[in-house]
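Heads up, the thing below is written out as structure tokens.
Labels below follow one simple rule: chain letters A, B, ... track the order of the sequence lines, proteins then strands, and each chain is numbered from 1.
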Amino acid sequence: MEMNQYLEVFIEESREHLQACNEHILSLEKNPEDLTIVNEIFRSAHTLKGMSATMGYEDLAHLTHMMENVLDAIRNEKVKVTPDVLDVVFLSIDDLEAMVESIASGGDGKRNITEVADKLKQIEEGEFPHSSLDNSDAKTEVAAAVAAPERKPSKNEYDQFEQTVIQQSKDQGFECFEISISLRSDCLLKAARVYMVFEVLEKSGEVIRSNPSVEKLEEEQFDDEFTVTLITKESSEDIHSKIMKVSEVELVEIAFVNLEETVHEVINDAPPEETKDIQLPEAAKKSTEEAAKSSGPKTIASNNKTIRVSIERLDSLMNLFEELVIDRGRLEQISRELDHPELHETVERMSRISGDLQSIILNMRMVPVETVFNRFPRMVRQLARDLNKMINLEVIGAETELDRTVIDEIGDPLVHLLRNAMDHGIEKPEIRKANGKPEEGTIQLKAYHSGNHVFIEIEDDGAGINKERVLQKAISKGIITEQTAQTLTDRQVFELIFASGFSTAEAISDISGRGVGLDVVKSTIESLGGTITIDSKEGSGSIFSIQLPLTLSIISVMLTEIQKEKYAIPLSSIIETAIIKKSDILHAHNQKVIDFRGRVVPLVELKEVFDVPGGEEENEFLSLVIVRKGDKMAALIVDSFIGQQEVVLKSLGNYLTNVFAISGATILGDGQVALILDCNALIK
Amino acid sequence: MSEMVKDVLNQTKFIVFQLADKEYAIPVNQVRSIEKLQHITRVPGTVDFVEGVINLRGVVTPIVDMRKRFLLPEAAYTESTRIIIVAFNEMEVGFIVDAANDVLDLSADSIEPQPDVVGAIEAEYISSVAKLEKRLLILVHLEKVLNPID
């Protein structure tokens, strides 16, 4: 089987299953008695195990198997759900995630899992997890664990999961048969016969297991006999006669599967080594679905009909579409010139349809912010345990959609802010109690749309920011002078904590103060075209509010002209435009400056910076675009303003990298390329 | 024999283009398309031979003037001026050439390593030459042509 083509699907699905495990284990911790949650986790783990075994990632399959054993023990109420047990399960999920990531980055997915496997084993055997066992012990334990699944001698062993499926289908009036099929010894196309038999069987029911595995059957790696387990409503006679209709089938024997006694009435000599754990992912999925159906409506939500499309394909679709838009513009012009009513009507219709199409294509790039938020509950749980704090994370608006490119970037800043809220914001339980607050602190992570922006807010009910301490710190670090300190508003004071080299933590803890300050958060968000603001009330908490553009691929710009060349200046960095007289220019040293509302703002002659060809025009007035980078400003001199416009951001490609003061390009309505200015590079 | 020459040996079809009075060739599998001249947007602060960027069906594509690249005398663009879009190392770049109107099959034995002549300015951008009856084709070394720092 060619694995490469399945690799991507495998990785994606593995990630999903691990995420599902994470979420369900978190909810299990809250409702330790609810064993249906364990079933959910079990299902994900089982599918993952099947998939990784099929793909040949033995370590992955092995560790999942061990985790499954623990889950099974929990399900059978042999092991109680405690935070410590879940810690170990989380650890193993961490390892599984690391393996999947290693596979995703081209590795072999191997990893030293002795420690975790050891702990899992201990839990399974009903011992409390201790890490004090010495290594040699641990190794033998693992060896035993490896051997465990192989020990069972019978031809069709059903693991816990399959037993559940069988049991549940029996409860619903289905019957489960184990069917042994012998082909004639002179059969030439064994695989083809197997295929025909399977086709017959799949029409009458669901095949949940075969021995040898489907793969081996397809590769003709069996003698003349194979066994399948079928869940069906039909009678054994019917099935018998149906299979016998397939030519070259010599003998069909059907036995009931009896779980309680696991008695197999028909004995057959299938090779014992081909017993367990080799399943096609499809087969695994099928049985999962089957189980999902029988376990009620809970998992129906995951049955959304979707397909995965790579961003590159969407990009090329978008590119083609822009071509269409440019031609649309031309058609509109031609139809205006010709003034033909029917042409007019058609072009108008086309314009409307293509407008709708454009918004659909843009929407396809949108991903719910959930994909980022998902990992936070887990992180908060762990961190709260490390900090000995009681923290409840509320996630609101996880379905809010954002452009994929923004999603990819926003994760780290959010992690940082959450850690900050937990470490600096929420107080220790005893302090909270003393201050008359509930012992458990609450952090609210909220996302919502508003206008052309997405807002993400992180609100905590913790201690809030101490203004005085921030000011003193800022003064002592030389970030501001004492004089300016007097004039700052509350919000400006809070924003000081985004200055680089700033940390109000009294003691540097493990969680924050690793040398990465909030300044990184701010610059990442600004690089995404967003802004961040803080509101805080001492004693009752803080809100960090992030405003992000809906998409990075479309930005608003002010289109300007310098001689015959057009340059686009992102609206996000423009303060305003102005026209001044030449005589208003002041000179400070060698730098031309202007007085802009009381501030001295340096002038930047774009014509010189960009070496624009063309003669010097003497003009009494200058057109200025006043831009900012943080709180610094500059006034860019252009020849004229064309107007404000939404443009699609394009890169200059791999050949032209690092062009000074140019951040990208865009294609204008007439098909020409205009360059987009990088104002940050122009302001020192 | 260099890697480049070996690579070249495996293909047989070449796009032939003209610069000044000479004929050059690029393996057809490195050529994406041949375009008519269109509006080029100058990109400030780039090397001299980078003429700018064009809109190639929605993709912003950089353009190199081959006359400038080979330090040949500049000439005005004419009706026959073409942009050859080549793809190399995940880069797509357009070359402005005087004309491009030929596709030729070259057999392996007609290709020779580049002549050891000192002083020919463009020599370092050439991987080999090919003789075809009376025509002499110069095979372009794309990697060197595209390397902006010499």
Return yes when atom [atom1] of [X] has more than 12 non-hydrogen atoms of other residues, nucleotides or ligands closer than 6.0 Å, and no otherwise.
X	atom1	value
A:K592	NZ	no
A:K564	NZ	no
A:R328	CZ	yes
B:R67	CZ	yes

*asked:* For B:I54, which atoms come within 4.5 Å of any heavy atom of chain A: side chain, backbone, both, or neither?
replied: backbone
*Measure B:V43 against the heavy atoms of chain A and call it side chain, backbone, both or neither at under 4.5 Å.*
both
Engaged part of [X] at the chain B interface, taking heavy atoms whose separation is under 4.5 Å:
X	result
A:L652	both
A:V612	both
A:S316	neither

*Result of checking B:T61, B:T46, B:V60 against A:L656 for side chain to side chain contact (heavy atoms under 4.5 Å, CB included)*: B:T46
*CG of A:L668 to NE2 of B:H39: how many Å apart, nearest 0.5 Å?*
10.0 Å
*asked:* Working to the nearest 0.5 angstrom, can you tell me the gap between B:T41 OG1 and A:E565 CD?
replied: 8.0 Å
*Between B:V50 and A:Y655, which heavy-atom pair has the shortest distance, and what is it?*
CG2-CE2, 4.1 Å
_Closest approach of B:P44 to A:V659 (non-hydrogen atoms, all atoms of both residues)_ = O-CG1, 3.3 Å
*Most heavy-atom pairs under 4.5 angstrom with chain B, which of A:A665, A:A674, A:P613?*
A:P613
*Hey, which of B:E90, B:R57, B:M91, B:R42 has the most heavy atom pairs under 4.5 Å with chain A?*
B:R42
